[in-house]
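Structure record follows, encoded as structure tokens.
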Amino acid sequence: NAGVTQTPKFQVLKTGQSMTLQCAQDMNHNSMYWYRQDPGMGLRLIYYSASEGTTDKGEVPNGYNVSRLNKREFSLRLESAAPSQTSVYFCASGGGNQPQHFGDGTRLSIL
Amino acid sequence: TQLLEQSPQFLSIQEGENLTVYCNSSSVFSSLQWYRQEPGEGPVLLVTVVTGGEVKKLKRLTFQFGDARKDSSLHITAAQPGDTGLYLCAGGPTYKYIFGTGTRLKVLA
């Protein structure tokens, strides 16, 4: 009964390093999302994938890339991390006419 | 740009008190969702409201969608410590969801 699984849970990077956040869902949802959550800002949509093979920009896509590897997996890549990207990142699946289900987040600090 | 503003930002109350949280926008939403988030976890959906004027109840929680579908409220009756958490509203066009800034509720025993 995993739902949405995110890895890693915590990560510390240096400015300029790259990394990929992984997300997998086992609910057979077509749509998947990446959000970031900052204090006082709520959740902001970075990218979403309405269905396998498609991706689209959300509200704050700059500095990020995504890959919808298959129906289950949706990854988020930071090519050159910046301190402004320090945040908690959430992956979600579902939406549309279905509720969104969220993972437990990845806490990312960039020094 | 669609925005969702929530009020109050913070609320600390005693067990047994009632409270109302508001979610307001200048834009019309086709549907609006309410989530609760606990520390270290992702948000969990509480309810989705779709029709203007709609009222939904979930035990001690009552959700209302404004007639014009621009605002919503969450009322908690006889709050309990287990209600403590961050309450988020969200709406928007399909897939491009907008989240409010949240109301952080603390219920003291």
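Residue numbers begin at 1 in each chain, while the letters A, B, ... track the order of the sequences.
- Cluster membership check: B:V47 shares its hydrophobic cluster with B:L4, using side-chain heavy-atom separations under 4.5 Å among Ile, Leu, Val, Met, Phe, Trp and Tyr.
- Under a hydrophobic clustering in which Ile, Leu, Val, Met, Phe, Trp and Tyr are joined whenever their side-chain heavy atoms come within less than 4.5 Å, directly or via other members, B:L45 and A:Y35 fall into the same cluster.
- The two residues B:K96 and A:L45 have their closest heavy-atom pair at CA-CD2, 3.8 Å.
- If you tally non-hydrogen atom pairs under 4.5 Å between each of B:G40, B:G100, B:S31 and chain A, the highest count goes to B:G40.
- A single hydrophobic cluster is not seen to contain both A:M32 and A:V88; linkage of ILVMFWY side chains at heavy-atom distances under 4.5 Å, directly or through other members, places them apart.
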Output side-chain donor-acceptor pairs under 3.5 Å for residues 9-22 of chain A, partner residues at least two apart or in another chain, one line each.
from  : atom 1 : to     : atom 2 : distance (Å)
A:T15 : OG1    : A:L111 : O      : 2.6
A:Q17 : OE1    : A:K14  : N      : 2.7
A:S18 : OG     : A:R77  : NH2    : 3.2
A:T20 : OG1    : A:R77  : NH1    : 2.8

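- Using a 4.5 Å cut-off between heavy atoms, B:Q33 contacts chain A through its side chain alone, with no backbone atom that close.
- In this structure, chain A has a heavy atom under 4.5 Å from the side chain of B:Q37, while its backbone stays farther away.
- Taking hydrophobic clusters as Ile, Leu, Val, Met, Phe, Trp and Tyr residues chained together by side-chain heavy-atom distances below 4.5 Å, B:V50 does not share a cluster with B:F29.
- Residue A:R107 touches chain B through its side chain alone, counting heavy-atom pairs closer than 4.5 Å.
- For the options A:G94, A:A50, A:S49, heavy-atom pairs under 4.5 Å to chain B are most numerous at A:A50.
- Residue with the most contacts toward chain A among B:E41, B:Q6, B:Q9, B:R104: B:E41 (heavy-atom pairs, distance under 4.5 Å).
- With a 4.5 Å cut-off on non-hydrogen atoms, A:Q37 touches chain B through its side chain but not through its backbone.
- Ring to ring, A:F102 and B:Y35 are close: their centroids are under 6.0 angstrom apart.
- Between atom OH of residue B:Y97 and atom CG of residue A:L43 there is a gap of 13.5 Å, rounded to the nearest 0.5 Å.
- Residues B:V44 and B:W34 fall into different hydrophobic clusters, defined by Ile, Leu, Val, Met, Phe, Trp and Tyr side chains chained together at heavy-atom separations under 4.5 Å.
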